[in-house]
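Read through the structure below, which is laid out as structure tokens, and then see the notes.
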Amino acid sequence: MPRGARSIAGVALVAVLAACTLSGCTTGEVDQPTASFVTPSPPGDSTAAASDGAAASDSAGAEPGATAADVEFIAAMIEHHLQAVELAELAPGRVSDPELAEFADRIAVVQAAEADAMRAWLDKRRSRDRANGAHDHGVMAGEISRSTFDRAATLSGPAFDELFIAAMVPHHRGALEMAEERLAEHGDSTVARWARAIATSQSLEIDRLLEIEARLRGG
Amino acid sequence: MGAGRLRRRARSAAIGALVLAAAVALLTTPADERAVAASDDRQPSIGPGLEWVAHRDNPFRQGDDPDFINSDLAFTGDYLVQGNFAGFSIWDIADPAAPELVNAVSCPGGQGDVSAVGGLVFFSVDETMSDDSCEAARVPETEPNWEGLRIFDISDPTAPRYAAAVRTRCGSHTHTVVPDPASSERVFVYMNAYSRGASLNCTGRNPLQIIEVPLAAPEDAYVAGELDLFDDETAFGAEDRVPGGAETKTTTGCHDITAYPAKQLAVAACRGDGLLLSIADPLAPAVLAHVRDPAVAFWHSGIFDNEATRVVFQDELGDGFINTCSPAFGADRGSDGAWLIGDGGLTKVGTFKLPRTQSDLEKCVAHSGGLIPVPDRFIISQGWLEGGVSIIDFTDPAAPIELTWFDRPDYGYSMDFTAGIWSVYPYRGYLYASDMYEGLEVLRLTDPLFADAARYDDAGLNPQTQPEYSWVWREAPVVPSAAAERAPLETLAVEPATVEPSPSAVVTVSLPAGSLTPGETTDVWWMPTQTVLATLTASADGSLPPTEVTLPGALEPGTYDLVVRGDASAPSIALAAVEVSQPSPSPQAAENGGGVDWPWWLIVIVLVLVGGATAVVIARRRVVLARRRRRAGT
């Protein structure tokens with residue numbers, strides 16, 4: 001008898017859970033908001049002229065989409081990132097300082113992932129507008145020369161560490177220059193935000209690389 | 001009845017219940033909901049003990065355009081304010097299962113970090129805009145521009161008013177409301193922003209600018225103070241700039257600050273640095289500890305535990321536009337770090353990384369979250385962008401674990417900029433998650449572990465201004481014994497006020513209007529056993545409607561305290577003394593006919609005594625007579 005009662009309770013629980021699933025306990029309640037958009041007038045001492053309320057999409061339409069500067073920046077930054085990845089990937093087995101080893105490893109995965117995200121952006125634009133295709137970039141700011149890569153491949157221990165920092169710091173400073181160049185232009189706000197993010201993270205890395213360098217020299 | 005037959009019966013009963021439940025479910029499910037559930041192939045994975053209560057679309061959304069994505073959340077009364085790079089939404093969440101969009105306020109300028117204080121909304125602008133109006137366009141940072149804090153008055157949420165705009169030199173990436181301990185009529189707003197270099201207004205070290213907002217006159221808000229949190233750092237030099245003017249120094253300002261006013265503390269996440277601050281004087285925060293950690297790439301934000309003995313910092317490695325939740329990145333990069341707060345400053349004790357590997361088409365890294373008020377635990381809700389929502393238990397900070405999650409699959413392609421859950425916070429027993437493109441998700445933790453957290457009826461919440469939680473309902477009220485102290489508390493009406501000794505008794509309790517905080521959760525305590533007899537809700541007028549409660553027994557004669565205490569009005573209480581009468585005769589008992597009964601018992605007793613005495617007398621007489629006969633016979 002108790003056994004039978006338990007199985008009734010068990011299956012009833014399953015039934016309740018099934019009801020939950022079907023009635024939205026796990027699918028959530030879905031409702032289209034009936035958006036009532038307002039555009040408040042600016043405060044009294046505003047620097048802007050008062051206006052009589054435009055819809056959100058209007059102000060969006062006024063902003064430019066992807067520009068040639070955007071496409072050029074993204075295409076160049078992908079190449080720039082791949083250089084950092086290439087140098088960082090030489091580190092395992094050659095680098096000697098543990099903090100620098102971890103640092104190089106992080107640069108390799110982060111910049112490879114960022115390059116992928118930027119390539120996805122670029123591919124979307126290129127398939128949309130073939131006219132904004134590949135550009136020739138000439139020499140990139142902070143570009144790492146082929147001979148530096150070759151030399152890095154032959155080094156190990158403190159000599160590799162020294163070369164790594166000596167090449168990566170100017171390389172990152174180059175990324176900052178490229179970001180600032182783009183930020184002085186109009187264009188897609190995604191690209192502007194990425195440019196800021198790249199400038200922020202690479203300036204952090206420059207700081208840390210210089211700290212490691214100072215420590216290695218001091219030691 | 002045979003066992004087989006019983007089982008068959010059980011099975012058919014269960015099937016019946018299943019069919020019935022399914023039918024009820026189908027009948028009660030709106031048609032459009034079933035359609036969405038069926039057509040949406042991005043259904044989330046939901047962990048145990050988590051209920052998906054409601055979803056609302058982002059009213060601003062324009063396809064995949066990242067200029068219309070949602071950002072952070074703030075709560076005031078029944079309203080939820082959801083920031084957006086194009087303005088903010090006001091949701092009525094009086095019924096958490098059915099949020100209603102009251103207004104979408106169009107006013108572009110990312111990232112739209114929001115706070116709400118009473119009827120005011122503060123809105124961060126950290127993109128260089130053509131001016132401070134709601135029709136401003138984004139302009140390059142090298143051109144004349146405006147960025148800073150916008151203040152809106154939403155006292156009438158159906159008619160928001162743009163009350164003030166306060167410009168700051170590097171805008172406002174995020175901001176933090178710090179109450180003035182000396183006055184409830186104004187608040188301070190910490191403007192968290194950092195410079196990057198070649199911009200027109202924002203270069204070099206960016207000081208922490210502090211805005212004072214008079215709550216009754218927000219148009220008078222102004223920059224009341226500024227200070228450099230990094231005085232001890234080397235100043236910028238020519239070598240710290242690249243051609244074009246961009247800076248290579250990282251210590252240029254903070255990304256986010258979380259204040260804990262009750263403890264006079266704050267943690268500042270400042271890109272390359274983590275700080276513990278004293279905010280005893282909110283206009284002059286002082287650095288108590290300054291840490292760097294080679295494992296932390298980007299100090300993004302921090303969350304205190306309720307005791308302010310531990311803090312979790314988020315590391316936003318990659319700034320939100322890559323997937324760090326993959327084996328390539330490992331278990332430490334882009335993670336949460338748990339730190340102990342001690343006399344020696346901050347000590348790192350553990351890390352937590354989202355355990356679910358995300359697709360490389362997603363963005364995933366530690367992002368914003370808040371403390372869930374569970375007694376004696378350190379549990380947070382946190383957003384991980386497209387990694388979703390994670391509920392994490394840091395009670396043992398060296399071994400944090402995920403309790404449950406809400407995680408949508410990828411879009412099938414990589415979104416521009418960033419996407420997914422910006423932040424998720426507990427409010428009035430529900431979790432509210434801000435999804436950048438998808439909108440608003442309302443979730444509920446169903447495990448009994450969260451019963452006390454669910455009972456919180458917050459008046460408002462800015463998650464970056466942490467409240468100190470206390471669980472008043474868990475401790476029995478303390479009742480004064482002195483008559484003079486008791487008298488003013490004896491406002492609780494109990495009917496009847498006197499009861500008979502009995503195994504238990506039912507009485508009706510009530511309080512007049514104005515006694516309680518309207519709508520607060522209220523317990524009725526029986527003080528002899530320190531138990532809660534009923535948990536009720538105060539009426540809108542602050543009264544307690546007449547409610548029957550059962551006094552547990554056995555009720556022995558005496559006087560006992562009955563107490564009503566509301567969660568919000570605590571520690572104040574309403575008191576009544578319940579009298580359990582002596583089992584002595586009372587006039588009432590006599591009227592009920594009890595008076596007829598006792599002489600009957602007396603008669604019986606008298607008869608028994610008389611009968612007994614007679615029997616004894618007779619027996620003795622027989623003995624005496626028998627002795628006499630024996631003597632006469634000898």
Side-chain angles (χ1 to χ4, degrees), chain A residues 4 7-8 11-12 15-16 18-19 22-33 35-43 46-48 51 54 56 59-60 62-63 99 106 109-110 113-114 117 120-121 173 176-177 180 183-186 189-190 193-194 196-197 199-201 203-204 206-207, chain B residues 6-7 10 13-14 17-18 21-22 24-25 28-29 33 36-37 46 51-52 54-57 59-60 66-67 86 101 103-106 108 131-135 137-138 140-142 160-165 196-198 242-244 246 248 250 272 294 318-319 321-322 328-329 414 416-417:
Chain A
S7 83
I8 291 175
V11 182
V16 168
L22 290 166
S23 67
C25 289
T26 55
T27 56
E29 194 190 328
V30 177
D31 188 11
Q32 292 300 316
S36 149
F37 279 94
V38 294
T39 305
S41 298
S46 171
T47 58
S51 77
S59 56
E63 285 177 29
E99 189 184 339
R106 193 163 75 197
V109 289
V110 168
E114 289 181 352
W121 181 94
R173 293 172 74 100
L176 262 67
E177 271 181 64
E180 291 304 333
L183 287 168
E185 306 267 353
H186 287 266
S189 47
T190 288
R193 290 172 201 149
W194 279 354
R196 284 188 207 119
T200 297
S201 62
S203 67
L204 265 166
I206 291 168
D207 243 17
Chain B
L6 188 73
R7 271 198 295 277
L18 183 64
V24 167
T28 56
T29 305
E33 186 182 315
V36 170
I46 301 177
E51 183 187 4
W52 187 10
H55 166 85
R56 291 292 182 273
D57 286 349
F60 289 92
D67 284 347
L101 183 68
N103 245 317
V105 179
S106 175
D131 55 57
D132 65 3
S133 81
C134 288
E135 265 108 24
R138 293 174 174 85
E141 61 189 22
T142 48
R161 183 175 68 87
Y162 188 173
R196 198 181 35 263
V242 296
T248 63
T250 57
D319 223 9
F321 78 89
I322 56 174
F329 280 80
S414 178
D416 296 342
F417 188 44

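Every chain is numbered from 1 and lettered A, B, ... according to where its sequence line falls, protein lines coming before strand lines. None of the values given here were measured: they were computed from a predicted structure.
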Set of residues satisfying side-chain contact (heavy atoms from CB on, under 4.5 Å) with respect to B:Ala328, sequence neighbours excluded: A:Val109, B:Ser326
Under 4.5 Å between any side-chain heavy atoms of A:Arg193 and B:Asp67, yes or no? yes
So, taking the atom named CG in B:Asp319 and the one named CD in A:Glu114, what distance separates them when rounded to the nearest 0.5 Å? 8.5 Å
For [X] versus [Y], what's the shortest heavy-atom pair and its separation?
| X | Y | answer |
| --- | --- | --- |
| A:Pro40 | B:Ser106 | CD-O, 3.8 Å |
| A:Glu99 | B:Pro294 | OE2-CB, 3.8 Å |
| A:His186 | B:Arg138 | ND1-O, 4.4 Å |
| A:Thr39 | B:Glu135 | CG2-OE2, 3.4 Å |
| A:Ala113 | B:Ile322 | C-CG2, 3.5 Å |
| B:Thr142 | A:Leu183 | OG1-O, 4.4 Å |

Apply ring pair (Phe, Tyr, Trp, His ring centres under 6.0 Å) to B:Phe321 and list each qualifying residue two or more places apart in sequence or on a separate chain. A:Trp194
